[in-house]
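These notes are about the structure you will find just below.
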Amino acid sequence: MQSDEVVWQVINHVHCSFKAKMQTQNFCRNEYNVTGLCNRSSCPLANSRYSTIREIDGTLYLYMKSIERSHSPKDLWERVKLPRNYGKALETIDKHLEHWPKFLVHKNKQRLTKMTQYLIRMRKLALKTKRKLVTMPAKEVKREKRREAKALTAAVLDKSIEKELLQRLQSGTYGDIYNFPVKEYEKVLAMEEMEPAGEESEEEEETTENNPMMNQMHLRTRTCNQAVNRGRPPSRSRFLRREVKLILRQLAERKDVPMSRSSMKRSVRCRMRIFDFCNILPTRLCTILY
Amino acid sequence: MGKRMRDDEEDAGEVALRKAGMKLPSNIKNKHKRSAEYAKVRAEKIKEKKQRIKARDTAERQAVELGETPPPRQVPKTIENTREADETVAQPDDEELQVDDGVDEFSGHFARAQMPKLLITTSQECSSPTRKFIKELLTVIPNATFYKRGSYDLKQIVKFAKNRDFTTMFVVNENRKQPNGLLMIALPEGPTAHFKLSSIKLSKKIKGHGKPTSHMPELLLNNFTTRLGHRVGRLFASVFPQDPQFRGRRAVTFHNQRDFIFFRHHRYIFEEKEIKELAPVTIGVNSDKKSRKAAPKTVKKNAVVARLQECGPRFTLKLQSLQSGTFDSKYGEYEWVHKPDMDTSRRRFFL
C-alpha cells in the first residue's frame with residue numbers, strides 16, 4: 001500500500017538527501033521535481049502520481065509516474081516526447097494530464113514555458129560570436145618581459161636607425177637634397193699616411209643585415225618623388241640652398257660663440273626650419289639666425 | 001670508525017681528490033673567511049685575464065710590425081650570431097621570392113602607389129589609455145581614421161571597411177584597461193596578423209620628444225630576415241604611403257630583434273661632425289717606443305652623422321599569428337601560429 005504521507009513525514013522531518021536548506025527557503029535537488037522547491041505537493045518521492053518536464057539535448061519530454069507502476073522502479077516513469085511547437089506542446093500536456101490535479105498541470109505548463117524560453121535564448125547566443133578568453137600564465141608573461149628587455153638592449157635602436165639612414169644617404173636615396181660630398185670630407189687631419197677613403201664607407205656598410213629589398217623599394221620611390229613638382233619655381237629653391245650653405249659654413253666657423261647644448265638645439269631647429277622650404281622667405285633667414 | 005674503513009678502501013688518487021674537495025672555499029663554514037677566499041679566487045681570475053689580454057696585444061703588435069697578419073681575434077658569441085640556422089631565410093637574389101612579391105596581396109599597394117587608408121578601432125570595451133594610444137597612432141600614420149567599435153562583429157566591420165575602400169584595419173585589443181594586442185587586417189583579401197602589444201610609451205612621457213610634421217614618413221624595416229619576416233615587413237609597409245617626403249626628415253622604424261618588433265618614430269638630421277678615431281697602426285714606420293709615444297693616438301675626422309629626435313609613441317609588437325585571408329579565427333587558414341613549444345630554444349627566432 002502506498003504511504004505517501006508516511007514518506008513525507010520521514011523525508012521532511014528526518015532526512016532527505018535531495019533537500020537543500022537555504023536561509024529563506026528549502027530547495028529540492030531531485031531531477032524529477034517540477035518546481036524545484038521542497039514542498040509536500042512538489043516532492044516526487046512523496047507523491048505517487050506525479051509528472052515533470054525534462055530536457056534532453058534540446059528536446060522536451062513529459063515524464064509521468066503513477067501508483068500502478070510503483071512496484072517496479074525501472075518502468076516507473078513514462079516518457080512522452082513533446083512537439084517543438086509551444087502551442088502543440090501545451091495541448092499534449094493537457095491531453096496526457098487530463099484528469100490530474102490542477103496543481104501539477106499548472107506547474108508543468110509553467111515549466112514548459114520557462115524551458116522553451118531558455119532554449120530559444122541558447123540557440124540565439126550560439127549564433128553570436130563569442131569572445132575568446134585566453135590564459136596568460138604568469139611564468140610566460142615574466143619570461144616575455146625579460147626577453148623583450150634583453151632584445152631591446154641587443155637592438156641598440158638609435159645606432160642602428162642612424163646607420164641605416166646614413167647608408168641611405170650614401171647610396172643616394174635622398175638625391176640632391178643634401179650636399180654632403182661624403183668621400184671628400186673624410187680627410188685625415190693629422191696623420192701622413194691615410195687609409196683609403198673607401199674603407200670608411202665600407203665600415204658603415206658591413207653593419208646589420210637589413211633586408212636590401214626594403215631599401216630597393218625606397219630607391220624606386222625616390223625617382224617618383226623627384227618627378228613630382230612641388231609647385232615652386234626651381235630657381236628660388238636653389239638660391240635658398242646656396243644662402244643656407246653659406247650661413248651654415250659661417251656657423252661652423254664661429255668658434256667664439258660657445259656652442260652650449262641649448263644653443264646647439266637652437267641652431268638645429270633653425271636649420272630644420274630652413275630646410276623646410278615651403279614657408280621661409282629669403283628676407284627672414286637673417287633674423288632667425290641670431 | 002666508519003671513516004677509517006673508507007680510508008682503507010680508497011686508492012691514492014681518490015684520496016687526493018677528496019682532500020682537494022675539502023679545501024674548496026664552499027666547504028668553509030665561516031662566512032667571512034669563505035667570502036675572503038672567494039675574493040682571492042676572483043682576484044686571481046682577473047689577474048690571469050689581464051695577463052692574457054696583454055700577451056695577446058703584444059703578440060698582435062709584434063706581428064703587425066713584422067709585417068705578418070696578426071692572429072685573428074676571438075669573436076664573442078652573441079645570441080644573434082649563434083642563432084639557429086633557419087632555412088627560410090630570404091635571400092636577396094631569390095627568384096621565387098621576387099615572383100611571389102609580384103603576385104601577393106601587397107603587390108597592388110607597391111605598384112600603384114595609391115594612398116593607403118587605415119581604419120582603427122578597438123575591442124568592445126575601450127578605456128582612456130587605449131584611446132590615448134590610438135590618438136597618437138593617428139598622428140603617426142597618415143590617412144588614418146578612428147571609428148568606435150559599437151557591438152559589431154569583426155567580420156561585419158571588415159565588410160563595411162571594404163565597402164568604404166579602406167586598405168588596412170587595426171583593431172586594438174584591451175585587457176584590464178591597457179592595450180595589449182593589435183590585430184592588423186589588410187583589405188581586401190589581405191592576411192590578418194595578430195600581435196601582442198607591450199611597452200607602450202606615449203610621446204608626452206618621452207624625454208625631449210619632438211612634434212612630428214605632416215610630411216609623409218620614411219619607412220625603415222630592420223632585420224626582417226626570414227620569409228615570414230619578409231611578409232610581415234611588407235604588411236607594415238602597406239600601411240604607409242609609398243611616396244615618402246624626404247625633405248620632411250621623418251622616419252618610422254620597425255626594428256625586429258629576436259622576434260620583438262620595436263616601433264619608433266623619429267625626426268632626423270644629417271650633420272657634419274668632427275669625430276676622433278683611433279690612429280691606424282702603420283706597418284714598419286715608427287716602431288720604436290719613442291716615436292710611437294710621440295705619434296698622436298687619435299685622429300680627427302670630418303664625418304657625416306645622423307642625429308635623431310624621437311617623437312610619437314614607442315611600442316613593441318610580437319607576432320602571435322598570421323592568418324591568410326581576412327579575419328576568420330575558426331575557419332581561416334593560419335600561415336603561422338605561435339605555440340609555447342617554440343619558446344624552448346633561446347636561439348631560435350622566426351622573423
Side-chain angles (χ1 to χ4, degrees), chain A residues 128-129 131-132 136-137 140 143-145 147-148 150-152 154-155 157-158 160-166 168-170 173-175 177-178 180 182 185-191 193-195 200 208-214 217-218 220-222 224-225 228 252 268 271-272 275-278, chain B residues 78-80 90 92 101 110 113 124 153-155 196 198-199 213 218-225 230 233 237 242-249 251 253 255 257-260 262 264 266-270 272 279-280 282 285 296 299-308 316 318 329 340 343:
Chain A
K128 284 197 178 162
T129 48
R131 258 189 282 175
K132 191 177 176 189
M136 302 193 347
E140 281 189 23
R143 198 207 299 153
E144 284 302 308
K145 218 172 157 190
R147 285 191 182 173
E148 189 189 320
K150 293 196 175 176
L152 185 61
L157 273 172
D158 283 349
S160 39
I161 296 175
E162 284 167 12
K163 270 186 195 158
E164 174 64 28
L165 289 171
L166 282 171
R168 289 193 183 177
L169 177 67
Q170 280 171 348
T173 323
Y174 301 127
I177 299 178
Y178 303 106
F180 298 120
V182 183
Y185 271 87
E186 285 166 33
K187 284 180 197 158
V188 173
L189 297 174
M191 284 300 282
E193 290 208 60
M194 334 185 296
E195 49 187 3
E200 243 282 318
T208 53
E209 274 137 59
N210 308 310
N211 200 328
M213 264 169 291
M214 302 302 167
M217 258 193 288
H218 282 270
R220 257 182 267 132
T221 61
R222 171 181 65 90
C224 286
N225 190 36
V228 173
V268 167
R271 277 183 241 171
M272 297 215 305
F275 276 119
D276 183 3
F277 288 129
C278 307
Chain B
T78 62
I79 292 184
E80 278 75 28
D101 279 351
F110 289 115
Q124 280 185 341
D153 281 351
L154 269 184
K155 289 193 193 171
K196 254 201 279 202
S198 52
S199 309
T213 56
E218 218 179 303
L219 197 59
L220 277 88
L221 297 157
N222 292 346
N223 278 352
F224 287 97
T225 47
H230 181 72
Q242 267 294 90
D243 46 356
Q245 291 171 312
F246 296 121
R247 286 183 192 278
R249 281 181 284 116
T253 314
H255 180 109
Q257 191 80 21
R258 304 183 192 175
D259 284 356
F260 287 97
F262 298 102
R264 296 289 183 271
H266 291 282
R267 296 202 63 191
Y268 64 88
I269 188 163
F270 291 114
E272 277 174 49
T282 52
V285 182
V299 151
K300 282 192 192 168
K301 273 195 193 178
N302 256 350
V304 181
V305 288
R307 281 199 308 123
L308 306 171
T316 317
K318 186 154 199 258
S329 53
D343 289 336

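All chains are named by letter (A, B, ...) in the order of the sequence lines, taking the proteins before the strands, and each is independently numbered beginning at 1. All of these numbers come straight from a predicted model, not from anything done at the bench.
- Separation of atoms CZ (B/Phe270) and CD1 (A/Ile177) is listed at 9.5 Å; rounding is to 0.5 Å.
- A salt bridge does not link A/Glu162 to B/Arg307: none of the charged nitrogens lies less than 4.0 Å from a carboxylate oxygen.
- In terms of heavy-atom pairs under 4.5 angstrom with chain A, the leader among B/Ser329, B/Ser199, B/Ala251 is B/Ser199.
- Between the CD1 atom in A/Ile161 and the CZ atom in B/Phe262 there is a gap of 11.0 Å [rounded to 0.5 Å].
- Contacts of A/Lys150 with chain B are made by both backbone and side-chain atoms, with heavy-atom separations under 4.5 Å.
- Two residues are said to be in side-chain contact when any heavy atoms from C-beta on lie closer than 4.5 Å; A/Glu164 and B/Thr253 fail this criterion.
- When heavy atoms are compared at a cutoff of 4.5 Å, A/Leu157 approaches chain B solely by way of its side chain, counted from C-beta outward.
- Only the side chain of A/Glu140 comes within less than 4.5 Å of a heavy atom of chain B; its backbone N, CA, C and O stay farther away.
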- [ ] Test A/Tyr174 against B/Glu218 for side-chain contact (heavy atoms from CB on, under 4.5 Å), laying out the working first.
- [x] CA-CA 11 Å; A/Tyr174 301 127; B/Glu218 218 179 303; 2.6 Å; yes
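- Within the 4.5 Å cutoff, side-chain heavy atoms of B/Phe260 are placed close to those of A/Glu144.
- Note: A/Leu152 CG to B/Gln257 CD = 9.0 Å, rounded to the nearest 0.5 Å.
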Open item on the list: Please evaluate residues A/Tyr178 and B/Val304 with respect to the criterion side-chain contact (heavy atoms from CB on, under 4.5 Å), reporting the C-alpha separation (whole Å), side-chain torsions for both, the decisive distance (0.1 Å), and the verdict.
Closed with: CA-CA 11 Å; A/Tyr178 303 106; B/Val304 181; over 6 Å; no
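- In terms of heavy-atom proximity, B/Glu80 sits nearest to A/Ala154 at OE2-CB, 4.0 Å.
- Note: A/Arg168 CZ to B/Tyr268 OH = 8.0 Å, rounded to the nearest 0.5 Å.
- B/Asp343 touches chain A through backbone and side chain together, each having a heavy atom under 4.5 Å away.
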TODO: Please lay out, stage by stage, how A/Leu165 and B/Leu220 fare under the test side-chain contact (heavy atoms from CB on, under 4.5 Å).
DONE: CA-CA 9 Å; A/Leu165 289 171; B/Leu220 277 88; 4.2 Å; yes
TODO: For the pair A/Glu148 and B/Arg258, evaluate salt bridge (charged side-chain N to carboxylate O under 4.0 Å, His left out) and give the outcome as yes or no after the intermediate values.
DONE: CA-CA 8 Å; A/Glu148 189 189 320; B/Arg258 304 183 192 175; over 6 Å; no
TODO: Evaluate the criterion side-chain contact (heavy atoms from CB on, under 4.5 Å) for residue pair B/His266 and A/Asp158; output intermediate values, then yes/no.
DONE: CA-CA 10 Å; B/His266 291 282; A/Asp158 283 349; 3.9 Å; yes
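- Counting only heavy atoms from C-beta outward, the side chains of B/Asp153 and A/Lys128 never approach each other to under 4.5 Å.
- Residue B/Lys155: no heavy atom, backbone or side chain, is found under 4.5 Å from chain A.
- Between chain B and the residues A/Lys132, A/Lys145, A/Met136, A/Arg131, the largest count of heavy-atom pairs under 4.5 Å involves A/Arg131.
- Contact of A/Arg147 with chain B is made through backbone and side chain together, with heavy-atom distances under 4.5 Å.
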